[in-house]
Amino acid sequence: MSELDLNLLRVFDALLAEGGVTAAAERLQLSIPATSRALGRLRRAMNDPILVRAGRGMAPTPFALRTAPRVRSLLDEAAALISADRELRIADLRRTFTIRINDGIAATLAAAAVEATAAVAPGVTLRFVTEGTESIEALRDGSIDLDIGAGEIAAPDIRTTLLYREQVVGIVRADSPLGKHRQPTLAQLCRYPHVSSSRRGRTRGPLDDVLEAAGLVRRVAAVVPTHAVAVLLVATSDHVGLVPRRLAERYGSGLGLRWFSIPAELPEVEVRLFWHARLDADPAQRWLRDTIRGAL
């Protein structure tokens, strides 16, 4: 490991992110032979192949996958240390930020964030990844730079700020009989089949508690993993869907949908931005957090 230096770790990070020598060389603005030689040095220093042939491409070894988050974290800390007392030139910034986000939020926030970022920092890449286990370890080990989602994370080393509060609204096809009502009643909602959006396959939510208190029950005819799938299903059926209001406002009319408020006291969803404390003062990440907030 004594052969390793910061530049080699950057090569390791690029190789794992890009999955091959050619793409990594392009990202690092190095020649392919130079990147290939760096891979050879990494293999000797780490005593591991790092990348192995898999069909027509390359696949990381288990060791490389385990090591990648730690290397990413080290690079982030090094970048923060080097730039701590320097003025950040956003136009010259060359960096990839990995942001974990769910599809209901990504459909509206990602476009705004990409547009705002590209306007002033053409060298920045925003890499959005879907929610999985939602573990905070991904923030700690550097697998992701930011986490955008609902709920709270109670940990002393995790920072957070509120982005906005989101309403859940109903959607139906514009030519649905239910779509003719400015605000359907709960009883009218229960006359049509519903589609539920749940990564965990749940059919019950806050609306069901309201309906139960009113002596009503809805029929959930389909459960899909994302709000995006729910929107597409509603657009081609007589189902009722519940989605974030921003999603319905942005894409509803284009897909031939009508959205309406639910006549019940449903809890608002707090959409928050999370990051690790070690990146609190990193100028580049601080700029990105401010840009995302401003894009809203």
Side-chain angles (χ1 to χ4, degrees), residues 1 3-80 82-83 90-101 103 106 110-111 113-115 117-118 120-133 135 137-148 275-276 278-279 282 284-285 287-288 291-292:
M1 295 291 285
E3 298 178 46
L4 288 174
D5 59 28
L6 197 59
N7 287 327
L8 268 186
L9 292 181
R10 289 194 182 98
V11 173
F12 178 92
D13 182 59
L15 287 167
L16 268 289
E18 302 296 340
V21 172
T22 302
E26 183 177 347
R27 172 174 168 172
L28 294 166
Q29 297 183 330
L30 295 174
S31 69
I32 293 176
T35 307
S36 184
R37 288 194 296 271
L39 175 57
R41 289 180 59 194
L42 283 166
R43 285 169 167 165
R44 291 190 296 271
M46 293 183 167
N47 194 28
D48 186 86
I50 310 300
L51 291 175
V52 295
R53 202 42 87 174
R56 295 183 178 178
M58 303 284 283
T61 64
F63 169 82
L65 289 173
R66 291 195 307 272
T67 306
R70 297 172 61 189
V71 170
R72 178 72 261 161
S73 180
L74 284 170
L75 291 174
D76 284 341
E77 291 187 31
I82 293 170
S83 61
I90 298 301
D92 298 332
L93 185 61
R94 299 290 182 270
R95 188 158 163 183
T96 296
F97 295 95
T98 301
I99 304 171
R100 184 168 63 189
I101 191 170
D103 77 295
V114 168
E115 183 178 357
T117 301
V120 295
V124 166
T125 299
L126 300 184
R127 176 174 172 260
F128 294 95
V129 296
T130 59
E131 290 181 329
T133 61
S135 168
E137 292 306 316
L139 286 169
R140 286 174 172 155
D141 64 26
S143 300
I144 61 174
D145 296 288
L146 296 171
D147 192 358
I148 300 176
W275 66 95
H276 194 267
R278 74 174 183 282
L279 296 171
D282 176 21
Q285 224 227 37
W287 162 79
L288 179 61
T291 299
I292 289 174

By side chain to side chain donor-acceptor pair (under 3.5 Å), which residues pair with [X], not counting sequence neighbours?
| X | value |
| --- | --- |
| T98 | R127 |
| R94 | none |
| T291 | W287 |
| D92 | R89 |

Start with the C-alpha distance between N47 and F63, add both sets of side-chain angles, then the distance that settles side chain to side chain contact (heavy atoms under 4.5 Å, CB included), and finish with yes or no.
CA-CA 10 Å; N47 194 28; F63 169 82; over 6 Å; no
What distance separates [X] [atom1] from [Y] [atom2], expressed to the nearest 0.5 Å?
| X | Y | atom1 | atom2 | result |
| --- | --- | --- | --- | --- |
| L30 | I32 | CG | CD1 | 10.5 Å |
| D48 | R66 | CG | CZ | 8.0 Å |
| I144 | H276 | CD1 | NE2 | 11.0 Å |
| I99 | I148 | CD1 | CD1 | 5.5 Å |
| W275 | L146 | CH2 | CG | 8.0 Å |
| L15 | T35 | CG | OG1 | 7.0 Å |

Are any of the side-chain heavy atoms of [X] and [Y] separated by less than 4.5 Å?
| X | Y | result |
| --- | --- | --- |
| L39 | V11 | no |
| V71 | L75 | yes |
| D13 | R27 | yes |

Grab the two heavy atoms, one from [X] and one from [Y], that are nearest each other, plus how far apart they are.
| X | Y | result |
| --- | --- | --- |
| R53 | R56 | NH1-O, 3.7 Å |
| F97 | D145 | CA-OD2, 3.3 Å |
| F12 | A68 | CE2-CA, 3.7 Å |
| A91 | P122 | O-CD, 4.3 Å |
| A24 | E18 | N-CB, 3.8 Å |
| T67 | M46 | CG2-CE, 4.5 Å |

Residues forming a side-chain contact (heavy atoms from CB on, under 4.5 Å) with P60, sequence neighbours excluded
L16, L51, A64, L65
Any donor and acceptor pair, going by atom type alone, linking the side chain of R43 with main-chain N or O of P49 inside 3.5 Å?
yes
Run the salt-bridge test on R95 and D282 with the 4.0 Å N-O cut-off and return the result as yes or no.
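A salt bridge links R95 with D282.
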Using the test salt bridge (Lys or Arg N to Asp or Glu O under 4.0 Å), find all partners of E137 that sit at least two apart in sequence or belong to another chain.
R140
